[in-house]
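What follows is a single structure, written as structure tokens, with notes after it.
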Amino acid sequence: MAWGSRSSSSSSNYDVFLSFRGEDTRHAFTGHLYKALHDKGIHTFIDDEKLQRGEEITPALMEAIQDSRVAITVLSERYASSSFCLDELATILDQRKRLLVIPVFYKVDPSDVRYQKGSYGEALAKLETRYQHDPEKLQKWKMALKQVADLSGYHFKEGDGYEFNFIEKIVEQVSREINPRTLHVADYPVGLESRVLDVRRLLDAGSDDGVHMIGIHGMGGVGKSTLARAVYNELIIAEKFDGLCFLANVRENSNTHRLEHLQEKLLLEILGEKNISLTSEDEGISIIQYRLKGKKVLLILDDVNTHKQLQAIGRRDWFGPGSKIIITTRDKQLLVSHEVNKTYEMKELNQKDALQLLTWKAFKKEKADPTYVEVLHRVVTYASGLPLVLEVIGSHLFKKSIQQWESAIKKYKRTPTKEIFDKLKVSYDALDEEEQKVFLDIACCFKGWKLTEVEHILRGRYDDCMKDHIRVLVEKSLIDIDVSGWDDVVTMHDLIQDMGRRIDQQDSSEEPWKRRRLWLTKDIIQILENNSGTSEMEIICLDFSLSEKDATIKWNGDAFEKMKNLKILIIRYGKFSIGPNYFPESLRVLEWHRYPSDCLPSNFPPKELAICKLPQSCITSFWFHGSRKASLRKIPDVSVLQNLEELSFEGCRNLTTVHPSIGSLNKLKILDAKYCSKLTTFPPLNLTSLEKLELSDCSSLENFPEILGEMKNLPKLHLRSLRIKELPVSFQNLVGLETLSLYYCGILLLPSSIVKMPKLSSLKALGCKGFQWVKSEEGDEKVGIVDDFIVDGCNLYDDFFSTGFMQLHHVKTLILRENNFTFLPECIRELQFLTTLDVNGCYHLQEIRGVPPNLIDFSAIECISLSSSSTSMFLNQELHEAGQTRFCFPGATIPEWFNHQSRGTSSSFWFRNEFPDNVLCLLVARVELLYVDDDEIPVPMPMVFLNGELFFKGFELTDYGLGVRKGKLDYTYLFDLKSVFELDDLSEVGLEKEWNHVEITYAGMMETSLVKATGIHVLRQDDIRYDDPYYGKRKLEHDLNSSESQPLIKKPRLSRWVGPERIINILGNAADGALFTNAERRFRHISMDSCWRCGLLEETCLHALRDCPAVAEFWRSVLPKKLAPKFFNGDVTVWLERNLSFSEAGFFWPAFFGIAVELLWQFRNHYVFYKNDTVGLRDMRYIVFKRYEDYMRAHASHNLMTRNLLKLKRANAEDWLLRLKVGGAYVPSSGTAACGGIFRDNNDRFVLGFSVKLGECLSIDEAEIWGIYHGMKIARKYDIWGLYRHILRLHSIPISLKLARQHDFGKIVVASGSEKAIGFVLDGCPPYISPSTSTCTSLQHCFPFCDELKALTSATNHVYFYKSDAADSFAKFGLSMKRLAPKIFPTCPSFC
């Protein structure tokens, strides 16, 4: 029991919990032990003497035990006489899986404890009398004493010597076991291992000779702090230190607090003293030097930026021998001034590590979907190896679509996030004013220039101080000097450059004429052509790209007249219509390639000119002339332009006035005024020929222009981001308007009569938060012809339905998403043309008072307030039996009239003669949104199997772009199978049996745990069955076969499996439910455990062997194609039966399956009992395949269909029926590549073709590998053999079983123009091996999906040939594609 300075605080975490009998040892042995632990810095819980006693262990003690890492039980002579101590001991031993228990037998023989003899026997005898009514508690105590006596511990006998020596041994072990608390390094510590080794070498790790100090320097966001934390964690495990301290964010904490605060924290961390209060830095220096001298410490000073900080907290001579001091900083000079002789420069990640880090952050797994490869590489290129950027972007784009990635990349290039910008800007803020100017000059204009050129140019601005400024920038990791080439070149990280440019633009991002530095071609051309120069401009650096060398700048030559302070003018290449008329007197550097005149301006006094370079020019003298042009603020009178057909002033952001004459141009067809943000009014319009009107993003426009006469030729009007408050009555003069879209238009009063416009069929409003539907004048009973009425996110309330709602009598599609009404009125049932109703996101919707009679599509996702009485109306049997319905609403509702229901992921039925016309499907699942490539799917699309063959397939989890969003509620999906699949050709299916089985399954569509129920309702009841008509026959055959075999195990269905006895026993125990998972634990009254792999779900037999996500990933990587759809269905006995009797795989699946089950259970036990979890998915697969190979070699006499799964054989191409020929195309100059392929049969019939643009690639061989990968994936996705059967049927070619067997029907011969690509597949798709670390002679590559390709090709042999013109043509077509998604050719294209 206990006592101590720390009462049991639930918020504390303890290193050690002390259990002892207070009356025996509190003030003697246990008190001394506590003191020794405390002095060693080990946080120890010792119970308070005044703690309330009782019969039961208190919640406070229970929390303390759970919060501790080690428990020391001091078993003294009278320990067992306390029921409280025995309860405490039993509780400790219950936590033994995570708690290290160290028994100390203090003047007690361990055998007395184990066998309850001596004082322990006497104590328990007394307790038996006291607790005779509770024998279970007595048994628990006895078991606890036996268990603790069996543990390795310490025994102190009378006369064994000094107690303090004995205590010291205990403290040493505890110190070793607990290890000081490590720091969190990173979620995904990519690329750190080699860097940690480098730093440890520099630190002379393990050496106690002197104090070792090292500095880690580099630019912001490169990972210096992460590396320091990783080194810290390694050192505290590898070495013993007297004190540890990691002072994070020294720069920030110094700015926020005094340096004394950091000194106090240093003393607290190392000495454990809380009450130190320093009055000055000098006092802190004195105390640190005195108290820590001679102590071996590990000290990390993170993000130091001043020498004063190092002087106050990190001097070398303060600490004892063997101490390690690590300093991280952006300023290399700081390390030099502090005499840190060993430094490590933190460089950016290489491309491979950068890609890996980004993949982990964005997808939370090692490999990304192949469709993301191109955008991932683009982000890696943008980040240029900076971990901060990779982590920020990866986190922001987690679970985002490719389109969102594309958009985000453009956004980041345009405007980096504030988190990245602020982190990088720290180094800039530390510069002096003139150093900042030099940095901005280089960032804006001179990155990549020769150092000598930069020095020469900037000397004109900063004299000889310029060299010192450049040195400071290098030391602060803002720029670098590349000395690898012939000339030293000034370089900097792309994002540092971008940061500098944005700083330069901060005050004038939209007004380049106000900037000091100009470098963007478009800005400079605009200023030159518009004469919009200003006195703020100091540097112009115009370097045309190669593609723009021949562009001609048409200007009047006067642009430099206003640039009174221009000092540097550099123009490389480009053509100008005339030469300049003026140069400012301040000009110091003039460099103009192809200067466009034969003289400089005559009025230019070159007294400040220091550099004058005019290459490729023919200058002879000075001259001047010019004119001016103002920016557009007003559209003038255009009445004379009566023949004008198109007028655009898009993006004229300074435009404030438009002349009224623009409204009377009778021939005008297009009027575009988008993005005129200062335009507040627009003149009336009477444009009878107008076909297109653009006013979007005129954010100051308050009134829509009056329409003075009928305009019949304007069919569509899209208005976005306007401030208009209402549409004028004259708006209805747009008599030709068919579609009106209003997006984000603020407060908008819309008369309900607008739906009566003669041709208006579609009205859409999105995000108009002030949308108000105003009722028309009384007595007007005319209804509109609007088909589509969409009002999404517009704050509609209940009054909406009382203001002319029934004027929408003809509406077919009604979408009212994310609004605030509480009911749909009863009159909605009168909308007899309405087929689609969508109220998704209407959180307040409680009641739907009627159902339109012809409703087909209904969706109520996230309608969390909707009553069950309302949803029950949508279960109307007559409505659904009419056909084509697709309904989704909250709740787990199964209609009573449904024929068949199932709690699994599949439902099935049997039919004979013809496939039924009307099959209704039911799914109850916790899924609220499904989408493919950002397009929503109204209902889940299942897979349909006919007699075991895949007949129709929806989208699978492995399909590109598929997303499933888990819901907070259960949803009922009810739909007609014909509404999601085209079933017209089912009558042509050749049915082999009288009764035919149809299975509809969602396995693979979504996680099985999300599915609560499925069901089927077939309208036709004759010739339909829901039980197996062949069950009796199959059972008889099964029983006969079972009776002939030996009863090896309890379950007859497993008795035919041939293999090792140990595997047979495991399979039998699994079938009998006897494996020691939660079912068995429950039977034995043992506490339940969650799965050790995923840590989330209860560990059942099926979960451990099949359904755990980690295990399921393994099974999916090895499953035969035909078995995959059904593999995750059924209970454990059905599952074992199906797999142990399956014989249609390309190798002997039952043997492989049995071996895999054994190993899965073996790996599970290794972890549960030994905490050994070192086997990953790839290792697991390798081990199973290896053991399977060994088994098949040892049992060759079984005449089984063996195949080496890791090394595939070559085959004779003539023996094959279907071939895949692949080709690659590669452009070395750009590194881009494409692949393609063609499926043909041995009669050269075209089956399918494909092309894929790959983006960046290393070689033509790698492009060919991608061709094999995409080809085999497409073969699976599009069911190539099903497609081929269809083609054969079209040619009236019968497919007999004999023909199928003769040609190994179901397999493909793959041919490639690359011997290396074929060799790569035959070698088992080995992962990338660096040439520097291996002598591997196979193809070096960066193919990221080796395991998936191996799985795709595991049932396929390959032949090699040199050329395939057809395949190459598909690959070359891929180069011309704009998108990376595969393009499929169902018919032979013209280029083939």
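Worth knowing before you read on, the calculation uses all heavy atoms, side chains too, and leaves out hydrogens, waters and symmetry mates.
- With respect to Asp504 and Arg516, no salt bridge is recorded, no charged nitrogen being found less than 4.0 Å from a carboxylate O.
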Kindly indicate, with the supporting measurements, whether the criterion salt bridge (Lys or Arg N to Asp or Glu O under 4.0 Å) is fulfilled by Arg501 and Asp498.
CA-CA 5 Å; Arg501 289 181 167 183; Asp498 190 53; over 6 Å; no
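- The nearest pair of heavy atoms linking Glu234 to Arg200 is OE1-NH1, 3.0 Å.
- Between Lys265 and Glu269, no side-chain nitrogen of the basic residue sits less than 4.0 Å from a carboxylate oxygen of the acidic one, so the salt-bridge criterion is not met.
- Residue pairs meeting the ring pair (Phe, Tyr, Trp, His ring centres under 6.0 Å) criterion with at least one member in residues 238-277, sequence neighbours excluded, are Tyr232-Phe246, His257-His261.
- A heavy-atom distance below 4.5 Å is found between the side chains of Leu271 and Leu292.
- Enclosure of atom NZ in Lys364 by more than 12 non-hydrogen atoms of other residues, nucleotides or ligands within 6.0 angstrom is indicated.
- A salt bridge between Lys35 and Asp39 is present, with a side-chain N of the basic residue lying under 4.0 Å from a carboxylate O of the acidic one.
- Salt bridge status for Arg195 with Asp198: absent, with no side-chain N to carboxylate O gap under 4.0 Å.
- The heavy-atom pair separating Val174 from Ile72 by the smallest distance is CG2-CD1, 3.9 Å.
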Throw together a table of side-chain donor-acceptor distances under 3.5 angstrom for residues 354-362, partners on residues two or more places apart or in other chains.
residue : atom : partner : partner atom : Å
Thr359  : OG1  : Leu355  : O            : 2.7

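- Ring pair Tyr14/His43 is tilted by interplanar angle, where 30° to 60° counts as tilted.
- For the residue pair Ala36 and Ile167, the shortest heavy atom distance occurs at CB-CG2, 3.7 Å.
- In this structure, Lys295 and Ser323 approach most closely via the heavy-atom pair O-OG, 3.2 Å.
- Classification of Arg69 and Asp15 as a salt-bridged pair holds, one side-chain N sitting under 4.0 Å from a carboxylate O.
- Test Asn305, Thr329, Asp303 against Arg251 for side chain to side chain donor-acceptor pair (under 3.5 Å) and you get one pass: Asp303.
- Applying the ring-ring contact (aromatic ring centres under 6.0 Å, His included) test to Phe439 and every residue at least two apart in sequence or in another chain returns Tyr428.
- Judged purely by distance below 3.5 Å, without hydrogens or angles, the side chains of Asp480 and Thr491 never pair a donor atom with an acceptor atom.
- A salt bridge does not link Asp422 to Lys425: none of the charged nitrogens lies less than 4.0 Å from a carboxylate oxygen.
- Taking each heavy atom of Thr226 and Ala186 in turn, the nearest pair found is CG2-CB, 4.1 Å.
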